[in-house]
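The structure appears below as structure tokens.
This is a predicted model, so every value here is computed, not measured. In what follows, every chain begins at residue 1, and chains take the letters A, B, ... in the order their sequences are listed.
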2 protein chains.
Amino acid sequence: MQHKILIIEDEPDIAGMLEYLLRDEGYEVTVAYSGEEGLQLNKEQEFHLIVLDLFLPGIDGLTVCNRIKQSSTIPIIILSARDKDSDVISGLEIGAEDYITKPFSHREFILRVGKILSRMKWINRQSEIKIGDLLINLEKDEVYMGGERINLTPNEYSLLSCLISRAGWVISWQALLKDVWGYDEWEGGREMVKVNIQRLRKKIEPDPHRPEYILNEWGKGYRLRKIEE
Amino acid sequence: MQHKILIIEDEPDIAGMLEYLLRDEGYEVTVAYSGEEGLQLNKEQEFHLIVLDLFLPGIDGLTVCNRIKQSSTIPIIILSARDKDSDVISGLEIGAEDYITKPFSHREFILRVGKILSRMKWINRQSEIKIGDLLINLEKDEVYMGGERINLTPNEYSLLSCLISRAGWVISWQALLKDVWGYDEWEGGREMVKVNIQRLRKKIEPDPHRPEYILNEWGKGYRLRKIEE
DNA sequence: CAATTTGGTAACAATAAAGTAACAAAAAAG
DNA sequence: CTTTTTTGTTACTTTATTGTTACCAAATTG
């Protein structure tokens with residue numbers, strides 16, 4: 001299967017190089033030469049991965065990253081020329097999947113891209129997901145907690161699936177809203193996500209008041225505990 | 001009789017191999033190289049079994065699986081690339097449906113296909129099906145409840161047969177509608193299924209208000225209690 | 001530390017799905 | 001052609017889920 005990758009990079013040389021590298025690996029590549037264009041393209045199409053340069057004309061790269069994360073669950077690799085720790089931290093704090101400093105070796109870049117995409121593939125191919133005492137059968141849409149079958153409503157299951165697809169990563173309530181309910185914006189959508197997270201926790205958490213599986217990161221979103229491999 | 005098998009697999013190498021293996025066993029094989037194509041073919045033709053790769057371009061394999069189940073009762077074998085580690089599956093019911101991990105031995109694959117088809121055959125060959133106090137004579141189309149002969153109308157019997165063919169699995173009302181009445185969509189079809197489930201329950205359930213045999217799963221469909229073998 | 005934002009909680013209203021009964025239309029039987 | 005059975009349709013009740021609201025607690029901001 002061919003993965004679709006979006007490159008957001010203003011420097012034509014680098015953009016062209018990245019495009020060539022990725023095409024060579026068999027990926028389907030689209031290039032945006034500005035943050036605005038990137039955001040637009042990401043809205044119009046469904047990509048599997050975004051490669052984003054931090055330094056862009058117009059909107060800043062971090063802002064672009066935040067906006068994308070705000071409304072979707074797509075993984076992002078951030079490119080930066082600065083080697084500074086501050087950048088690394090702020091980049092990863094947003095929830096970027098990976099961070100690469102320029103200049104980087106072509107091989108390393110390809111490896112990182114491959115690693116992220118193969119993990120997505122891995123999750124897709126699992127028939128069962130195990131996290132602690134939680135067991136999810138993705139084929140039968142059944143959830144077990146410590147061997148006991150738990151009955152989730154369609155919406156609750158959909159919410160859990162969304163969290164599973166990016167387990168270990170923070171997902172904003174906007175992204176959850178879009179994935180589960182299909183709305184980009186909706187008055188009361190925030191409450192909807194909140195209440196349904198509560199409902200899910202009530203069913204799958206041993207102690208819903210001290211969640212072990214569905215964790216919250218203040219101001220960012222929710223994160224499902226990492227999947228055991 | 002020759003069984004018809006649909007393979008949904010995008011990688012030509014694997015698809016070709018599966019096709020060869022199954023043809024060699026005397027099955028009639030059709031290959032779809034994408035989820036969309038697979039769904040289309042399944043609509044147009046009647047297959048006995050579907051072999052589905054979870055990882056597909058375009059629509060995801062799980063989505064394809066759910067869509068197919070939404071409107072039919074056909075058994076599906078899922079191909080996945082799960083790692084070897086999990087022994088978790090043993091606790092769960094696989095039943096008529098199965099998954100197989102890549103890479104797999106050709107012999108194993110053929111065996112699993114054979115097992116599912118022979119189970120269908122088994123049900124077909126079986127002159128009697130027993131579930132609790134319920135006894136169904138498939139040759140004479142007679143149903144007994146605790147020794148008492150029960151008279152089912154043709155539609156009721158057809159509905160029961162459909163449930164039997166996938167006993168233990170949830171079947172959506174859309175799938176029942178298609179199997180029993182032959183309609184893909186029909187204004188009022190939902191009510192039709194509902195009322196006929198009620199009629200069946202009235203006849204075969206000891207207490208129709210607390211069904212033991214024909215169970216409902218909210219938002220998903222109906223499930224017949226597992227057959228005793 | 002007050003004001004504001006974000007998250008957790010419970011309770012209630014609205015909605016959608018499933019169960020029920022009754023009746024008319026259609027088909028089969030006599 | 002009448003009677004009986006089956007089938008399709010409808011209206012209504014019950015139940016589960018979903019959406020909304022209000023209120024409280026914790027974290028952040030200034």
Is [X] near enough to [N] that one of its side-chain N or O atoms lies under 4.0 angstrom from OP1 or OP2?
X      : N      : result
A:H209 : C:dG8  : no
B:Y222 : C:dG19 : yes
A:T153 : D:dT18 : yes
B:K202 : C:dA21 : yes
B:W186 : D:dG8  : no
A:W218 : C:dT5  : no
A:N155 : D:dG19 : yes
A:R190 : C:dT6  : yes

Report the residue (A:R199 or A:G221) whose heavy-atom-nearest nucleotide on DNA chain C is the more 5′ of the two. A:G221

Between [N] ([atom2]) and [X] ([atom1]): distance, integer Å:
X      : N      : atom1 : atom2 : result
B:E217 : D:dT15 : CD    : C1'   : 16 Å
B:K194 : D:dG8  : NZ    : C1'   : 14 Å
B:R201 : C:dG19 : CZ    : C1'   : 8 Å
B:L200 : C:dG19 : CG    : C1'   : 15 Å
B:M192 : D:dG8  : CE    : P     : 5 Å
B:Q198 : D:dT13 : CD    : C1'   : 12 Å
A:N196 : C:dG8  : CG    : P     : 13 Å
A:L152 : D:dA16 : CG    : P     : 16 Å

With a 4.0 Å cut-off on heavy atoms, is [X] in touch with a base, just the backbone sugar-phosphate, or nothing at all?
X      : answer
B:Y157 : nothing
B:E156 : nothing
A:R210 : nothing
A:G219 : sugar-phosphate

From the list D:dG19, C:dG8, D:dA11, which nucleotide is the closest neighbour of the side chain of A:W181? D:dG19

Between C:dG7, C:dG19, D:dT7, spot the one nearest the side chain of A:W173, thanks.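 Nearest nucleotide to the side chain: C:dG7.
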
First encountered from the 5' end of DNA chain D, between A:V195 and A:N151: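 It is A:N151, whose closest nucleotide lies nearer the 5' terminus.
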
Mind checking the [atom1]-[atom2] spacing from [X] to [Y]? Nearest 0.5 Å is all I need.
X      : Y      : atom1 : atom2 : result
B:R67  : B:K43  : CZ    : NZ    : 9.0 Å
A:N196 : A:S158 : CG    : OG    : 9.5 Å
A:I68  : A:S172 : CD1   : OG    : 12.0 Å

Please determine, by modelled atom types, if B:Y144 and B:E142 share a side-chain donor-acceptor pair under 3.5 angstrom. yes

Can you say whether the rings of A:W186 and A:W181 are parallel (under 30°), tilted (30 to 60°) or perpendicular (over 60°)? tilted

Within 45 degrees of the axis of the six-membered ring of A:W173 and under 6.0 Å from its centre: does A:K220 put its NZ or CZ there?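 Judged by the rule, A:K220 and A:W173 form no cation-pi pair.
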
